Every structure is written in structure tokens, then in C-alpha cells.
Asker: 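Dropping the structure in here first, questions after.
A quick note: this is a predicted structure, and the numbers were derived from the prediction, not measured. Order of listing sets the numbers, starting from 1, for every ligand and every atom in it.
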Amino acid sequence: MAYRASAQFYDLFAQGKEQEQSFYRLLAQEAGSPALELGVGTGNFAFALAEDGITVVGLEQSREMLQEARKKLQQAPSEIARRLLFIAGDMSSFQLDQKFRIIYIPSGSFQYLATRKQQLGCLRSVKAHLHEEGSFVFDVWVGKSDTSGTWRRLETVPLPEGGSVTRSISTQLQKEEGTIDIVLRFDIQNDDGRITDTFHDWSKLAALTVEDVKFLLAEAHFQVETLYSTFSRKPWKPKSDRAIFVAEPI
Ligand SMILES: C[S@@+](CC[C@H](N)C(=O)[O-])C[C@H]1O[C@@H](n2cnc3c(N)ncnc32)[C@H](O)[C@@H]1O
């Protein structure tokens, strides 16, 4: 499963998401509480919304990611922490005894649902938990991915305890399955640059087109209210690499 070994490094590499965060903050302000984040990870978006006064439930499948989120919760000021709840669960099928004004899936995480069954299961669960005037917001990578399977070095960041960690990626398209196999490698280096440890994380992502997602949304009785290509709200165009869906129940 993805996000196990790498959970400890997630926040070190989760930089440069200011625009995405502002996008969700604004939508959550418009929608009001409560909000539900699916695949909440270490909780970065959820904490930002809670700082704005929004109550957020975060659902997460990886025990290790959930642990990181809960660690941060313990250190957060009490007026923020009391607005947050991180729970274990699978976004392809979940049942909570609450309805939400906004349900969102940032960072392309909907694509971790690799099969149509999981994708539809997620959309149906979202529908069942969404307030009738609520919004469902998520993004999907629809651009080309490197499918050669060769390793690409992404970035190196310093570790708080000294040394550094380098993240590398290999992606491989599985055409018949309609999925992309992703392997992330984390090499730990000491201060002399010698590799002292290596961690791997494997995941299978759905290769989706905008038409695929529109079809799935219609199947689950959603309509697309707006389709953007960037978190600065540029409209989607056929050559855009990213599609950001704002959908509403019908
Ligand atoms: C790219 S991370 C995003 C984390 C966080 N939302 C953010 O934007 O920083 C994807 C997250 O989705 C979680 N995830 C993947 N499949 C899931 C599923 N079926 N149910 C719940 N969480 C899932 C992963 O464990 C991981 O924490």
C-alpha cells in the first residue's frame, strides 16, 4: 500500500501548494462547516481550513499517514485542534453519521482509486454524505505521464535531525488496465552524502480522462458546476494537464 514507508517524509516534500490551499480555503469559506477531506494524509489542507474556523473531518487509509496527522493535532493550539477529527477509513466506501457542506479530495488523490468499482463507490459514498446544496471538489491529472519506468530524481531536502533525503520516481503506464504504476524511492544521506538507508513506496493510480470523470460523475448523479485547469481558476481547455472539478449533486 502507498504512503506507508514514506509517511515520515511527506511534509518535507509537500511544499509549493499555496495556490491549491487557497483554492480549498476559499471554497470551504463559501460552503461553511462541516467539511470532509478524503485521503487527508498528514492533514495540511485540513489544518489550514480549521485555522479559518471550518470544522473538518479527515478520512485516511494509511495508518502511518494518520499517525503523522494525529501527532500534529496533539501539538496544535486547542482552538484549532477542536475543529479537526482524523479517522481511519477507505474513501472507496465509507459511512459516517454526518452530512457535509463540502467534500474535497486534493492533490490528485482520487486517482489512488485504481478501479471503476472503487471510483464509483467513492462517488456514491460522497453523494450520500453531501448536503443537498453542498459541493464536491477534486482534481485529476489528465496530462501525459512519463511511462518509461526509468528513474527520475525529483528533489533533495534536509532532514531535521541532519543529513538529507532524496526523492526519486519511476512511472509505468499499464495500458490494458488503464493504470499507472508509481514507485517512489527515498534515499537517506548522511552529512557526507553517503546513502545510509532507502525506503520505497508503491502505488497504482487510475489513468483518467476528463470524459471518464464526467461519465463517472453522471453515473453517481453529480453535475459538473465548474471545470478549471489551475488552482488560480483558469478554465479547463482540451490541452490542460490538470482538471479540477467542482461538482454538485442532482
Ligand atoms: C497525495 S496524498 C494527499 C494527502 C493530503 N490530502 C494532501 O493533499 O496533502 C494521498 C493520500 O490519500 C490516501 N489514500 C489513498 N487511497 C485511499 C483510500 N482508498 N482511502 C483513504 N485514503 C486514501 C493516501 O494514503 C495518502 O495519504
Asker: If you measure from each non-hydrogen atom of L113 to ligand 1, which part falls under 4.0 Å: side chain, backbone, both or neither?
Answerer: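 Side chain only.
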Asker: Could you tell me, atom by atom, which parts of ligand 1 come under 4.0 Å of a heavy atom of E37?
Answerer: 5 (C), 6 (N)
Asker: Which ligand 1 atoms, with their elements, are less than 4.0 angstrom from a heavy-atom of S62?
Answerer: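 It comes down to these atoms of ligand 1: 25 (O).
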Asker: Enumerate the atoms of ligand 1 whose separation from the nearest heavy atom of S109 is less than 4.0 angstrom.
Answerer: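 In order of numbering, the contacting atoms are 1 (C), 2 (S), 3 (C), 10 (C).
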Asker: With sequence neighbours left out, what residues match F138 under ring pair (Phe, Tyr, Trp, His ring centres under 6.0 Å)?
Answerer: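 Counting only residues at least two positions away or on another chain, F138 forms a ring pair (Phe, Tyr, Trp, His ring centres under 6.0 Å) with F110, F136, F245.
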Asker: Which of the atoms of ligand 1 are close to Y112, meaning less than 4.0 Å from one of its heavy atoms?
Answerer: 10 (C), 15 (C), 16 (N)
Asker: Where the closest heavy atom to atom 25 (O) of ligand 1 is concerned, which of M65, Q118, E60 has it?
Answerer: E60
Asker: Just which atoms of ligand 1 are under 4.0 Å from any heavy atom in G41?
Answerer: 4 (C), 27 (O)
Asker: Hydrophobic cluster membership, with links at side-chain heavy-atom distances under 4.5 Å among I/L/V/M/F/W/Y: are I103 and L227 in one?
Answerer: yes
Asker: In terms of side-chain heavy atoms, does E68 have a donor or acceptor partner in Q8 at a distance below 3.5 Å?
Answerer: no
Asker: Out of all atoms in ligand 1, which are within 4.0 Å of some heavy atom of F45? Include the element for each.
Answerer: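 Under 4.0 Å from F45, ligand 1 has these atoms: 7 (C), 8 (O), 9 (O).
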Asker: Is the shortest N/O to N/O distance between M91 and ligand 1 below 3.5 Å?
Answerer: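 Checking ligand 1 against M91, an N or O pair does fall under 3.5 Å apart.
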Asker: Which of the numbered atoms in ligand 1 are below 4.0 angstrom from a heavy atom of G89?
Answerer: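 It comes down to these atoms of ligand 1: 20 (N), 21 (C).
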Asker: Using heavy-atom distances only, which candidate in S93, C122, G39 approaches atom 11 (C) of ligand 1 most closely?
Answerer: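 Nearest option to atom 11 (C) of ligand 1, by heavy atoms: G39.
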Asker: Answer yes if the ring centres of F47 and F86 are under 6.0 angstrom apart, and no otherwise.
Answerer: yes
Asker: Which atoms of ligand 1 have any heavy atom of D90 under 4.0 Å away?
Answerer: 18 (C), 19 (N), 20 (N)
Asker: For H200, I'd like to know if atom NE2 has over 12 heavy atoms of other residues, nucleotides or ligands within 6.0 Å.
Answerer: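 Counting other residues, nucleotides and ligands, NE2 of H200 exceeds 12 neighbours.
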Asker: Under the side-chain hydrogen bond (donor to acceptor under 3.5 Å, both in side chains) definition, can you give me all pairs with a residue in residues 125-134, not counting sequence neighbours?
Answerer: R101-H131
Asker: Answer yes if the ring centres of F199 and F9 are under 6.0 angstrom apart, and no otherwise.
Answerer: yes
Asker: Touching ligand 1 at all, Y10? Heavy atoms, strictly under 4.0 Å?
Answerer: yes
Asker: So for atom NZ, which belongs to K117, do other residues, nucleotides or ligands contribute more than 12 heavy atoms lying within a distance under 6.0 Å?
Answerer: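 Result for NZ/K117: open.
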Asker: So with a 6.0 Å cut-off around CZ of R70, is the heavy-atom count from everything else above 12?
Answerer: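 Counting other residues, nucleotides and ligands, CZ of R70 exceeds 12 neighbours.
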Asker: Polar contacts were defined as any N/O atom of the residue lying under 3.5 Å from an N/O atom of the ligand; does this apply to S92 and ligand 1?
Answerer: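 No, there is no polar N/O contact under 3.5 Å.
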